[in-house]
Asks: 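My questions will all concern the structure given below.
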Amino acid sequence: KIRKEVTSLLKKLEDIKERIVELSKDEKIDDVNQVFVTFETERGERRALKALSYGHLERTFNSKTIKFMGKVLKVSEPTEPTAIRWDNLDESLFVKIKQQFFSILFSLLLIGVGFYLIYFINLHLNWKQNTSYFITFFNILIPMFCRIANSYESFEKEGDSQRSLYFKITLARWVNTVLVYFVITPFIKMNSLLELVSSLFLAEMLINPLFAIFDPFNIYYKHIAGPRAKNQAKMNSYFIGTNFSLAERYTSLTKIIFLCFFYATILPASYLFCSISLWITFWCDKYLLLRRWGQAPASCPSVARFSRNSFLTTALIMHFIMSAYWWSGFPFDNVSEHDGKYYAVDQNMMYAWKFPARPESQTNMEQPKGIPEDWIGWMSAKQEVIVSLTGISSAVLLGVVVFLVFFKKVFLIIKSYKPQGKNQGKDYSDLSNSENTLYIPEVKNPNLLFPVLACNISNIEPNYIGWEDPDDETYDKHNLVSDLKELGVDVDGGKQLFSIVKQWKRRSVHRASF
């Protein structure tokens, strides 16, 4: 049996080698997709970006733009070197759109499954704690499913991958945590939401931190799989720390904030519960980051910027909008008193599509038959004042946000490069080894301790690579160029099979450009 398995593996290995040799003969393999340049001075970088960066309109219609071989280059400031996904740089736009479509479709299916399960549990298990516990446990599982969906997409930068993952997780968690129970709860039973929201906050304070600290996967890897590993490299892989996602941690915060803002009007204690949850999350994440989690790949602040500009802004807008609707629907009984008599009315302005919520909408809504013509509504005088203030504020805030988003889109079309921050006056050559990691093409594999280089590094100094293997100072074991040489492929010929990485030095001062 062992001999058959070895024979099968050797056959697969030979097939892979033949496939590699065939791919090396592809005529499109040496096409240039992107070029990365590192300047010796920050001043030089800013001058180049200012001269070569154009807005969309200027790039299309301005004939005075600087061109390279008849084309206007799309020049921008890149992300960190370790955040580049080199194996995805040549993916076509059609493939990316197709991958994104099926990934989002899977995420929507996940949301639909969560919606049905929450509805089923709430219908058959008439206890709010059961629903809140299920929502919390389902929120713990959501990132795992979203990572699977995200793994089938191609991203050029780690920040883009984290932003896409953040969008999927946040959408699923917001819907399952906040919106599902709101939708399935009848209007006249809105007061019953208070118990569920309180239990949800309690579950977030206890279950999530405990699950993170007593991580079953971490316990298995370090105490069961690690000591029983068959070789040292495999055992080391079990102790590199738990992989964590910046996108997933951001969603944990925005989920709590959105839950607080959505229900704060009818449950003012949400502010206190939210503060306690965020405090517990901070200290729990700080401990895990310093003691348990592995090192995450460097990424640009795109996730933080996306969270701040999109989801936190959305949460704030929903806070104003829902405040107006909560006040307008009080006391949520669909009953109104007029001239000593009580009438059945419709107090739900949201489902009547009245925006913004205003006192005038009481008589403009379609009401049940039998209501007197001189009926002026169910709200008290003070309630009408509050509804007017919150309704107008929500409309104004929404208008301001829409205007800013539109202005930002127009600015992206016509803008040119503008530097961020001040010139620090540091030359690249003066940076420490930990700061001078450059754009060296490499492929990362979770089963390998070190990345695999995909370029010829004979023209650069090894300390620019950013990592080192004490057992291989030449990096030959980690370089695909060496593997192809062993297969008999001419890697030094006229055809470029790998990316070109070069270093130039000036005579007077050590200066490098890539």
Side-chain angles (χ1 to χ4, degrees), residues 1-36 81-82 84-92 94-96 98-99 147-148 150-156 158 161 225 229-238 240 243 297 438-460 462 464-502:
K1 183 179 179 181
I2 297 178
R3 181 178 298 178
K4 289 182 179 180
E5 292 180 356
V6 172
T7 304
S8 176
L9 291 175
L10 290 175
K11 181 63 171 59
K12 290 181 180 179
L13 183 60
E14 291 299 324
D15 293 340
I16 293 174
K17 289 180 179 180
E18 293 178 2
R19 178 60 176 161
I20 293 174
V21 174
E22 291 178 4
L23 289 174
S24 66
K25 300 176 182 179
D26 190 349
E27 295 297 331
K28 297 181 180 180
I29 199 169
D30 58 350
D31 291 347
V32 177
N33 291 291
Q34 295 189 26
V35 177
F36 294 85
T82 55
I84 301 293
R85 293 192 167 192
W86 299 96
D87 50 335
N88 292 335
L89 293 182
D90 61 341
E91 200 68 81
S92 65
F94 173 76
V95 172
K96 290 181 180 180
K98 183 176 67 173
Q99 292 171 345
R147 286 193 194 99
I148 295 174
N150 222 50
S151 65
Y152 289 96
E153 293 188 60
S154 298
F155 300 97
E156 296 183 359
E158 185 66 30
S161 174
K230 296 182 179 181
N231 53 66
Q232 184 67 38
K234 192 66 175 178
M235 188 184 72
N236 291 343
S237 66
Y238 290 129
I240 59 177
N243 292 328
L438 291 182
Y439 295 91
I440 311 297
E442 59 186 23
V443 180
K444 298 178 181 178
N445 190 311
N447 297 319
L448 300 177
L449 292 178
F450 298 99
V452 179
L453 298 176
C455 61
N456 190 336
I457 61 173
S458 60
N459 295 320
I460 64 171
Y464 289 136
I465 294 178
W467 54 270
E468 58 181 355
D469 182 0
D471 298 328
D472 182 21
E473 297 181 357
T474 62
Y475 295 91
D476 287 342
K477 294 193 304 184
H478 308 288
N479 202 326
L480 295 176
V481 177
S482 302
D483 296 337
L484 259 68
K485 285 182 179 180
E486 294 180 1
L487 295 177
V489 179
D490 184 13
V491 296
D492 300 320
K495 187 177 183 179
Q496 295 294 337
L497 300 179
F498 295 97
S499 299
I500 302 175
V501 182
K502 288 188 177 181

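The figures that follow rest on heavy atoms only: side chains count, while hydrogens, waters and symmetry mates do not. Since we're looking at a predicted model, the values are computed, not measured.
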Asks: Just do the side-chain contact (heavy atoms from CB on, under 4.5 Å) check on Ile440 and Leu453 with the steps written out, would you?
Replies: CA-CA 8 Å; Ile440 311 297; Leu453 298 176; 4.1 Å; yes
Asks: Quick check for you: to the nearest 0.5 Å, what is the distance between Phe498 atom CZ and Leu484 atom CG?
Replies: 4.5 Å
Asks: Is the side chain of Asn88 donor-acceptor paired with the backbone N or O of Phe155 at a distance under 3.5 Å, no angle test?
Replies: yes
Asks: Please name the pair of heavy atoms, one in Asn236 and one in Ile240, separated by the smallest distance, quoted to 0.1 Å.
Replies: O-CG2, 3.2 Å
Asks: side-chain contact (heavy atoms from CB on, under 4.5 Å) for Gln34 and Glu156? Distances and angles first, verdict last.
Replies: CA-CA 11 Å; Gln34 295 189 26; Glu156 296 183 359; 3.0 Å; yes
Asks: Classify the ring geometry of Trp467 against Tyr475: parallel below 30°, tilted from 30° to 60°, perpendicular beyond 60°.
Replies: perpendicular
Asks: Please determine whether a side-chain nitrogen of the Lys or Arg among Asp15 and Arg19 lies less than 4.0 Å from a carboxylate oxygen of the Asp or Glu.
Replies: no
Asks: If you round to the nearest 0.5 Å, how far is CD of Glu158 from OG1 of Thr82?
Replies: 8.5 Å
Asks: Rounded to the nearest 0.5 Å, what separates atom CD in Glu14 from atom CG in Leu10?
Replies: 7.5 Å
Asks: Look at atom CD of Glu468 and say whether more than 12 heavy atoms of other residues, nucleotides or ligands are closer to it than 6.0 Å.
Replies: no
Asks: Going from OG on Ser458 to NZ on Lys502, what distance comes out if it is rounded to the nearest 0.5 angstrom?
Replies: 9.5 Å
Asks: Working to the nearest 0.5 angstrom, can you tell me the gap between Ile465 CD1 and Ile460 CD1?
Replies: 5.0 Å
Asks: For the side chain of Gln99 and the backbone of Ser154, is there at least one donor-acceptor N/O pair under 3.5 Å apart?
Replies: yes
Asks: Determine the minimum heavy-atom distance between Ile457 and Thr474, stating which atoms define it.
Replies: CD1-O, 4.1 Å
Asks: Would you say the rings of Phe36 and Trp86 are close, in the sense that their centroids are separated by under 6.0 Å?
Replies: yes
Asks: Check the pair Asp87, Arg85 against side-chain contact (heavy atoms from CB on, under 4.5 Å), reporting the backbone distance first and the verdict last.
Replies: CA-CA 6 Å; Asp87 50 335; Arg85 293 192 167 192; 4.1 Å; yes
Asks: Check Asn456 against Val481 and note the closest heavy-atom contact, atom names and distance.
Replies: N-CG2, 4.0 Å
Asks: Could you tell me the separation between the OG atom of Ser499 and the CD atom of Glu442, rounded to the nearest 0.5 Å?
Replies: 11.5 Å
Asks: Is a donor on one side and an acceptor on the other found under 3.5 Å between the side chain of Lys444 and the backbone of Phe450?
Replies: no
Asks: Using modelled atom types only, decide if a donor and an acceptor are shared between the side chain of Asp472 and the backbone of Asp476 within a distance under 3.5 Å.
Replies: yes
Asks: Tell me, with the steps shown, if Ser8 and Lys12 meet side-chain contact (heavy atoms from CB on, under 4.5 Å).
Replies: CA-CA 6 Å; Ser8 176; Lys12 290 181 180 179; 4.1 Å; yes
Asks: Return yes if a side-chain donor-acceptor contact under 3.5 Å exists between Ser161 and Glu153, otherwise no.
Replies: no
Asks: In terms of heavy-atom contacts, does NZ of Lys98 have more than 12 from other residues, nucleotides or ligands at under 6.0 Å?
Replies: no
Asks: Minimum heavy-atom separation for Val501 and Asn459, please, with both atom names.
Replies: O-CB, 3.6 Å
